Amino acid sequence: MHEFSYCDGELYCEGVSLARLASEQGTPLYVYSARTIREHYRRLDKALAGLDHRVCFAMKANSNLAVLDLLAREGAGFDIVSGGELFRVLKAGGRAHDCTFAGVGKTREEIEYALEQGVYSFNVESEPELEFINEVAGAAGKKAPVALRVNPDVDAQTHKYISTGKSHNKFGIGIDRILGVYAEAAKLPHLQIRGIQTHIGSQILETKPFVEALAKLVPIVQELQSLYGIEFFSIGGGVGIIYRGTLESGAPDWWERADEDGGKRIGFDDYAQAVVPLLKPLGLKILLEPGRSLVGNAGVLLATVQYVKRTPAKTFVITDAGMNDLIRPALYEGHHEIVPLKEPSAGVPRGPVDVVGPVCESGDFFAQDRELPEVAAGDRLALLSAGAYGFVMASNYNSRRLPAEILVDGDKWGVARARQSWDDLIAGEKVAV
Ligand SMILES: *Cc1c(COP(=O)(O)O)cnc(C)c1O
């Protein structure tokens, strides 16, 4: 579901006109719907009501403090992948004890910080990391709670850059070796074995890979329960969202249909129906680490058309937003629907255009050969489903300022992150020698 729709010919986020936000705050501008995020969290939480569970938002998808605050109030924990993310959780009023710390390259500084703050679990991805955490914990006079990330060797059927659960990926410890590594962990004096974790990839659009992974892992989890009395099993994130749909009538009507599962997509209920029967008999605490599915459809990136450049080969719609603001199309061939903020009338001519940014890279495009209603300089566009892996991947490339972020809640809205100033661009820099 989502809270973006046309009303009287204008695209709204909840009760707020996006054209108004764009004129007041400028573009490029990220806008998030609080209601959408809350509703997604509640739906997932409800779908899992039959399990002793905790939803740990994978905050790498969207780490704005206002978003974290919103989810912390709903009762979410957080899946973090760096010391900086833990710092953000604490600043947003979240608790370290509700955080699981993932990632293949944790540093001494990050491990010390996470130990000091008391994270719930370090999700460990290799033997050297296990030994290193043991050493750092010992030096700090602490016992580090750990879970091993197991790589179940299943095909998540997703883009190769976001598939993580095959044996050739860098993530986790192979399923055939996992019990041996737990036995090693049990011998290390400064570790406390607390759980087991897995995550097979992102933007997964079927339940099959999840079921396959869990079916492989359940016997191992049971063995770990009897050997070490583990208390949790984290089944990762990865539930996909709808990015693609028809634009007949110019309205993003496919968003409405998404919940009826018209397209290839799994809803939280399908997901829960597939995984709960496998997990319930374990009697363990189940952690989930959803990122995209909570926030992806809850955000849009607004841009203004700067020029329309017609060449014999193509028409380029050049916007003031670029790949530095939203890199998914360049990085993952990610698709974002693009709609004008003013609803196009039925008779408006359409044609194939490339929607591109101003950055000096040929990879700087949002859409190629896309049928869009005709636009002119000054028109405003929304790139839909940009709430996950959007702003968090933005950069200052080409010395472009990071965009502002707005959170809308009903008729209210506020600046969740101010647009960078030119002084921000050079903060910390000086002529060095
Ligand atoms: C990225 C990631 C997630 C979240 O994935 P989504 O597809 O955004 O739900 C969860 N767990 C781990 C370990 C991750 O790396």
Side-chain angles (χ1 to χ4, degrees), residues 37 40-41 43-45 47-48 53-64 67-68 71 76-82 85-86 89 98-106 114 119-126 129 146-152 154 156-166 169-173 195-207 209-210 213-214 217 232-243 265-268 271-272 275 286-299 328 331-332 334 385-393:
I37 297 172
H40 284 172
Y41 178 86
R43 281 188 192 193
L44 177 59
D45 197 44
L48 295 160
H53 71 277
R54 159 141 246 180
V55 176
C56 293
F57 173 51
M59 62 178 281
K60 71 176 194 275
N62 187 325
S63 57
N64 185 285
V67 171
L68 302 184
L71 284 165
F78 298 94
D79 186 57
I80 62 173
V81 293
S82 71
E85 287 196 344
L86 177 54
V89 168
D98 298 330
C99 291
T100 49
F101 190 175
V104 297
K106 300 173 191 78
V119 295
Y120 178 63
S121 174
F122 290 87
N123 293 345
V124 178
E125 307 224 11
S126 67
E129 185 194 335
V146 296
L148 297 186
R149 175 169 177 174
V150 54
N151 184 329
V154 297
Q157 304 279 347
T158 185
H159 191 277
K160 61 180 188 294
Y161 286 6
I162 50 176
S163 171
T164 60
K166 280 291 285 177
N169 295 125
K170 72 176 175 184
F171 299 101
I173 296 166
I196 178 167
Q197 191 263 357
T198 194
H199 172 70
I200 58 173
S202 198
Q203 186 54 14
I204 297 168
L205 294 165
E206 313 167 72
T207 52
F210 293 113
L214 293 184
L217 293 179
F232 80 89
F233 177 18
S234 176
I235 62 171
V239 171
I241 63 168
I242 284 211
Y243 282 104
R265 168 191 187 267
I266 43 174
F268 289 142
Y271 177 70
V275 303
I286 301 300
L287 266 51
L288 294 102
E289 304 161 2
R292 191 189 312 268
S293 55
L294 294 185
V295 294
N297 287 140
R328 294 191 64 261
L331 189 61
Y332 311 122
S385 307
Y389 308 107
F391 180 90
V392 287
M393 287 191 181

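Below, each value reflects all heavy atoms present in this structure, side chains not excepted, and no hydrogens, waters or symmetry copies. One-based numbering, in listed order, for ligands and for the atoms of each. Since we're looking at a predicted model, the values are computed, not measured.
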**Item:** Backbone N/O of G236 and side chain of H199: donor-acceptor pair under 3.5 Å
**Value:** no
**Request:** Taking only heavy atoms of D79 into account, list the atoms of ligand 1 that are under 4.0 Å away from them.
**Result:** 11 (N), 12 (C), 13 (C)
**Side chain to side chain, V67 and F391, heavy atoms closer than 4.5 Å** = no
**Prompt:** At what distance is the nearest protein heavy atom to atom 1 (C) of ligand 1, and which residue and atom is it?
**Reply:** K60 NZ, 1.3 Å
**Asked** Does R149 offer a backbone N or O that forms a donor-acceptor pair with the side chain of N123 under 3.5 Å?
**Response** no
**Asked** Which of the numbered atoms in ligand 1 are below 4.0 angstrom from a heavy atom of Q197?
**Response** 13 (C)
**Request:** Report yes or no: does G238 have a heavy atom closer than 4.0 Å to ligand 1?
**Result:** yes
**Per-atom contacts of ligand 1 with R149, taking only distances under 4.0 Å to non-hydrogen atoms** = 13 (C)
**Prompt:** Taking 4.0 angstrom as the limit, do K106 and E129 come out as a salt bridge?
**Reply:** yes
**Request:** Assess P290 for proximity to ligand 1: is some non-hydrogen atom of it under 4.0 Å away?
**Result:** yes
**Complete:** The atoms of ligand 1 lying under 4.0 Å from a heavy atom of R292, numbered in the order shown, are 6 (P), 8 (O), 9 (O)
**Request:** Fit a plane to each ring of F78 and F57, take the angle between them on a 0 to 90° scale, and name the class: parallel (under 30°), tilted (30 to 60°) or perpendicular (over 60°).
**Result:** perpendicular
**Request:** Keeping the roles fixed (side chain from H40, backbone from V295), state whether a donor-acceptor pair exists under 3.5 Å.
**Result:** no
**Prompt:** Are the side chain of S121 and the backbone N or O of T100 linked by a donor-acceptor pair below 3.5 Å?
**Reply:** no
**Message:** In this structure, does ligand 1 have an atom that sits under 4.0 Å from one of the heavy atoms of Y389?
**Reply:** yes
**ligand 1 atoms in contact with G237 (distance to a heavy atom under 4.0 Å)** = 9 (O), 10 (C)
**Item:** N or O contact, G291 vs ligand 1, cut-off under 3.5 Å
**Value:** yes
**Asked** Does A58 have any side chain to side chain contact (heavy atoms under 4.5 Å, CB included) partners at least two apart in sequence or in another chain, and if so, which?
**Response** D79
**Prompt:** Of all the non-hydrogen atoms in the protein, which one sits nearest to atom 7 (O) of ligand 1, and at what distance?
**Reply:** S202 OG, 2.3 Å
**atom 13 (C) of ligand 1 [closest protein heavy-atom partner, distance rounded to 0.1 Å]** = E289 OE1, 3.4 Å
**Prompt:** Going by the order shown, which atoms of ligand 1 are within less than 4.0 Å of some heavy atom of A58?
**Reply:** 3 (C), 4 (C), 10 (C)
**Item:** Exam field: side chain Q203 to backbone I241, donor-acceptor pair closer than 3.5 Å
**Value:** yes
